[in-house]
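Remarks on the structure that follows.
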Amino acid sequence: MMQLATDTRQRLVRLLVALLGVACLYLLFSDLALAEDAAPPACGGKILEKCTPNSGDTAWMLTSVALVLMMTVPGLGLFYGGMVRKKNVGDTVMTSFAVTCLVTILFAALTYSLAFRAGTPFIGGLDRMFLKDILSDIGKGGIGNPNPLAATIPESVYICFQMTFAIITPALIAGAFAERMKFSAMLWFIGLWAIFVYAPVAHWVWGPDGIFSAGNDAAWVKVLDFAGGTVVHINAGVAGLMCAIMLGKRVETGPAHNMVLTFIGASLLWVGWFGFNAGSAVTAGMQAGMAMLVTQIATAVAGFTWMLVEWALKGKPTVVGICSGAVAGLVAITPASGFVGPVGAFAIGIAAGVVCYWGCTGLKRMFSYDDALDCFGVHALGGIVGALLTGVFAVEQYGGTAGALEGNVGQFFNQCIGVATVFVYDAIVSLIILFVVNLFVGLRVTKDIEREGLDLALHGEVVQ
């Protein structure tokens with residue numbers, strides 16, 4: 001068996017080397033000449049083209065990139081690291097850091113082009129593989145970004161912004177399989193998932209010609225998702241549930257080893273989320289301001305609601321509880337942040353606090369799955385709550401699309417279609433990837449390693 005495993009690893013390494021060679025040849029022989037574009041339309045409409053670069057927008061987006069990157073390292077690493085047992089802290093924070101590195105490489109090489117460039121309604125093109133031609137606007141008389149999704153900022157800045165989203169989404173999944181997944185298996189799963197799940201779903205919802213893109217006049221169904229309710233949170237939460245089911249329950253469990261780390265991580269997530277939501281306006285304008293306001297309101301309401309529910313049911317409010325509630329509020333307001341006002345934010349915050357608390361307690365007990373750090377309960381359920389209520393509370397004055405309360409009942413059903421499609425596609429493809437990784441690498445550490453702790457066994461390090 002050991003010889004078979006060694007041979008399998010060697011074949012995988014040879015395959016990676018071959019793929020890298022093909023990529024290098026592609027870059028070497030690609031035609032780098034820049035074609036002259038036809039006269040572009042004026043700056044305006046739902047998808048902007050050839051607008052004048054704006055230094056204010058660029059400055060805000062540079063700030064947002066830093067804020068969102070802070071959400072993964074160190075925010076998510078500390079948030080998750082505080083909730084696992086001490087013997088697994090190193091593996092948990094290492095996962096967040098390694099995912100940041102891996103997804104950055106994949107996003108630059110392939111997934112940015114697949115997700116955010118025009119291609120088909122289902123997947124983008126390959127014209128930006130290895131970020132080829134991203135400086136093509138330099139020699140055209142000061143004309144702005146050739147990317148119609150972010151017309152007033154450099155494409156390089158837009159790439160960095162979307163890269164931080166692509167990083168945190170698979171990093172969230174780690175909350176479901178914490179304390180029992182092989183580090184090597186994690187890398188394979190995350191890499192394949194980023195290509196075959198994240199990139200297509202991001203293109204459906206945010207791509208210029210995606211099937212659910214609200215800015216695409218030819219979209220099959222227009223789904224409102226301002227900053228990632230479906231693309232990020234439902235996507236990550238469903239994949240996390242599939243991981244929990246495939247891996248099975250942990251051999252032993254224990255309480256959060258350091259609530260202060262979790263508190264610090266949750267606080268960094270809260271601050272960073274302003275870049276996540278307000279940054280998704282891609283301009284330093286009125287929509288960004290409203291997105292920031294409703295993000296603050298919904299987060300506070302959800303955290304306070306979770307605290308009250310936990311206090312009433314268990315007799316004591318906890319630090320981990322209020323932090324989890326705040327994160328649930330951040331998740332739920334994410335798809336709605338550019339479309340709803342303060343009233344909608346209050347309603348979404350209350351709903352997130354109640355539903356996500358139930359998801360992390362009652363639902364998990366009902367189906368007996370081991371979602372270690374409640375990735376599904378917080379992110380999938382919070383994302384679903386936010387996505388659906390966006391279709392109810394959307395205000396045309398704020399985001400350009402009315403919701404059910406303003407008479408556009410059809411938007412609620414559009415949200416349902418988007419949520420259901422992402423849920424089903426993600427579940428199926430994630431299970432296929434997990435099955436393949438398990439076949440070639442194996443998903444779970446041995447029981448002895450699990451009892452000893454992943455830090456020492458997998459990384460040769462321990463937290464003192």
- Residue pairs meeting salt bridge (charged side-chain N to carboxylate O under 4.0 Å, His left out), one or both in residues 309-329, sequence neighbours left out, come to none
- May I have all residue pairs that pass salt bridge (charged side-chain N to carboxylate O under 4.0 Å, His left out) and include part of residues 165-180, sequence neighbours excluded? Arg85-Glu179, Glu179-Arg250
State which residues pass side chain to side chain donor-acceptor pair (under 3.5 Å) with [X]; sequence neighbours excluded, sorted by chain then number.
X	value
Thr295	Asn277
Gln287	none
Trp193	Asp426, Ser430
Asp225	Thr230

- Please name all residues satisfying salt bridge (charged side-chain N to carboxylate O under 4.0 Å, His left out) with Asp374, sequence neighbours left out, ordered by chain then number. Lys364
- Residues in salt bridge (charged side-chain N to carboxylate O under 4.0 Å, His left out) with Arg444, at least two apart? Glu450
- Note on the structure: For residues 373-419, the ring pair (Phe, Tyr, Trp, His ring centres under 6.0 Å) pairs (sequence neighbours left out) are His233-His379
- Please collect all ring pair (Phe, Tyr, Trp, His ring centres under 6.0 Å) contacts where either partner lies in residues 277-336, sequence neighbours excluded, each pair once. Trp306-Tyr357
- Residue pairs fulfilling side-chain hydrogen bond (donor to acceptor under 3.5 Å, both in side chains) with at least one residue in residues 408-420, sequence neighbours excluded: Gln411-Gln415
- Message: Using the ring-ring contact (aromatic ring centres under 6.0 Å, His included) criterion, which residues pair with Phe423? Sequence neighbours excluded.
- Response: none
